[in-house]
Number of protein chains: 2
Amino acid sequence: MTIDPYSHTPVYVQLADLIRERIESGQLPPGASVGSEMSLSQEHGIGRDAVRMAIALLRSEGLVTTSRPLGTRVRETPPRRKVELAPGASVVARMPSGKERRSLQLDEGVPVLEVRDAEGNVEVFAGDEVELIRPPA
Amino acid sequence: MTIDPYSHTPVYVQLADLIRERIESGQLPPGASVGSEMSLSQEHGIGRDAVRMAIALLRSEGLVTTSRPLGTRVRETPPRRKVELAPGASVVARMPSGKERRSLQLDEGVPVLEVRDAEGNVEVFAGDEVELIRPPA
DNA sequence: AATTATTTGTCCGTATGTATC
DNA sequence: CGATACATACGGACAAATAAT
């Protein structure tokens with residue numbers, strides 16, 4: 001798999017696709033490093049900007065996290081706890097705002113579940129920590 | 001509201017916060033342009049890098065979309081249709097993979113809802129198009 | 001139908017700061 | 001302490017896509 005600078009899809013999207021595939025195939029397991037910006041730039045013959053944008057895209061999808069000076073690693077996802085959805089409740093999924101993300105201490109790329117119960121009370125859950133359940137009849 | 005380059009919060013986060021506020025307040029309605037990278041750079045006296053990072057952040061939150069040469073515009077969100085959650089079903093929220101996003105024609109920053117019914121069949125919904133419902137008892 | 005203007009995509013260089021080993 | 005690697009931020013330059021004319 002190589003990157004084609006003449007393709008109509010942006011180079012940074014191509015690199016993100018490539019790395020995403022390696023993560024989803026298990027070739028890059030949770031905790032594994034995806035390589036430094038420098039090495040990725042050199043290995044694929046692309047610029048620093050493209051590498052950084054690719055990494056930022058993967059971060060925004062919740063697939064990786066980056067820290068100094070370890071670099072970018074495949075994100076380890078927490079176990080999900082089951083939450084029962086009450087009768088008359090409704091739920092929507094969306095990305096948190098910046099403030100919300102910081103206050104809930106969510107990683108980038110983690111959606112939230114907004115649950116509204118029959119009385120109109122709203123509760124927000126981290127999307128990677130819960131699994132909503134409607135119990136069997 | 002101005003941007004303070006000496007603040008401890010990064011310039012690009014400040015700009016993203018500023019634009020986000022204008023979007024959420026309705027000052028920038030859906031479809032409106034948030035301005036080109038160049039103009040934002042000049043108006044706020046910051047570099048193009050910072051502008052690009054702010055825009056990328058807002059894109060990852062599903063607030064804007066960008067294209068050439070129209071630039072970045074406030075995303076128009078479709079109306080949500082109600083989908084009933086069957087008894088015994090469970091649902092998780094996550095970000096779509098790149099392929100998934102393209103095949104579902106989702107904008108960046110739009111999560112998906114993965115619904116598994118009692119028989120184990122899985123269905124994936126665009127997170128900005130549906131509202132899951134558990135009917136009142 | 002062809003051209004132009006606009007805007008983003010991508011490259012590169014430089015610099016400072018910060019966190020970790 | 002020094003080496004590493006990313007985060008942030010500025011600057012310039014050209015290529016590519018497409019809306020507008």
Side-chain angles (χ1 to χ4, degrees), chain A residues 2-19 28 31-75 98 101-102 105 107-109, chain B residues 2-19 28 31-60 63-76 98 101-102 107-109:
Chain A
T2 48
I3 283 173
D4 173 16
Y6 301 106
S7 164
H8 51 88
T9 62
V11 171
Y12 79 92
V13 174
Q14 291 183 59
L15 178 58
D17 286 348
L18 194 156
I19 297 175
L28 282 173
S33 170
V34 306
S36 72
E37 293 177 352
M38 238 352 191
S39 65
L40 288 172
S41 169
Q42 290 173 344
E43 282 165 25
H44 298 97
I46 63 181
R48 188 198 350 131
D49 284 15
V51 172
R52 284 181 65 75
M53 292 197 68
I55 300 291
L57 187 54
L58 294 172
R59 247 199 323 265
S60 82
E61 293 173 5
L63 289 179
V64 302
T65 58
T66 111
S67 63
R68 283 174 295 185
L70 287 184
T72 300
R73 308 177 155 270
V74 181
R75 185 165 165 271
R101 189 179 67 239
R102 290 188 283 268
Q105 292 191 301
D107 281 340
E108 254 185 76
Chain B
T2 49
I3 284 173
D4 173 17
Y6 302 105
S7 164
H8 50 86
T9 65
V11 169
Y12 80 93
V13 174
Q14 292 182 59
L15 177 58
D17 287 347
L18 194 157
I19 297 175
L28 281 173
S33 171
V34 307
S36 70
E37 294 174 353
M38 245 342 198
S39 66
L40 288 171
S41 167
Q42 290 174 344
E43 282 164 25
H44 297 96
I46 64 181
R48 193 181 163 208
D49 276 15
V51 173
R52 284 179 65 77
M53 292 187 68
I55 300 292
L57 190 53
L58 295 172
R59 250 200 321 266
S60 80
L63 290 179
V64 301
T65 59
T66 116
S67 64
R68 274 184 297 188
L70 286 185
T72 300
R73 310 176 154 271
V74 181
R75 203 168 78 84
E76 325 212 18
R101 191 176 68 233
R102 287 187 281 272
D107 286 333
E108 251 185 77

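Chain naming here is simple, since letters A, B, ... match the order of the sequence lines and numbering starts at 1 in each.
Within residues 31-39 of chain B, no residue places a heavy atom under 4.0 Å from DNA chain D. Within a heavy-atom distance below 4.0 Å of DNA chain C, no residue of residues 53-60 of chain A is found.
Residues that satisfy the side-chain contact (heavy atoms from CB on, under 4.5 Å) test with B:Thr65, not counting sequence neighbours, are B:Arg75, B:Asp107. For B:Pro69, there are no side-chain contact (heavy atoms from CB on, under 4.5 Å) partners at least two apart in sequence or on another chain.
With rounding to whole Å, B:Arg52 atom CZ is found 15 Å from D:dG11 atom P. In this structure, A:Gln42 atom CD and D:dA5 atom P are separated by 11 Å, rounded to whole Å. The OH-P distance, from A:Tyr12 to C:dC11, rounds to 12 Å in whole Å.
At C:dT8, none of the side-chain N or O atoms of B:Ser67 fall inside 4.0 Å of OP1 or OP2 (strictly under the cut-off).
If A:Gly71 and B:Pro10 are placed on DNA chain D by their nearest nucleotide, the residue sitting closer to the 5' end is A:Gly71.
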Ignoring hydrogens and angles, write down the donor-acceptor pairs under 3.5 Å from the side chains of residues 3-10 of chain A, residues two or more places apart or on other chains.
{"unit_1": "A:Asp4", "atom_1": "OD1", "unit_2": "A:Tyr6", "atom_2": "N", "d": "2.8"}
{"unit_1": "A:Asp4", "atom_1": "OD2", "unit_2": "A:Ser7", "atom_2": "N", "d": "3.3"}
{"unit_1": "A:Ser7", "atom_1": "OG", "unit_2": "A:Thr9", "atom_2": "N", "d": "3.0"}
{"unit_1": "A:Ser7", "atom_1": "OG", "unit_2": "A:Thr9", "atom_2": "OG1", "d": "3.1"}

Test log, rule salt bridge (charged side-chain N to carboxylate O under 4.0 Å, His left out), inputs A:Glu37 and A:Arg52: CA-CA 7 Å; A:Glu37 293 177 352; A:Arg52 284 181 65 75; 2.7 Å; yes
Sequence-aligned protein contact record of nucleotides 12-21 of chain D, with B where the base is within under 4.0 Å of a protein heavy atom and S where only the sugar-phosphate is: -B--BSBS--
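Considering only heavy atoms from C-beta on, A:Ile46 comes within 4.5 Å of A:Val51 through its side chain.
Using a 4.0 Å heavy-atom cutoff across all strands shown, A:Thr72 reaches no nucleic acid atom at all.
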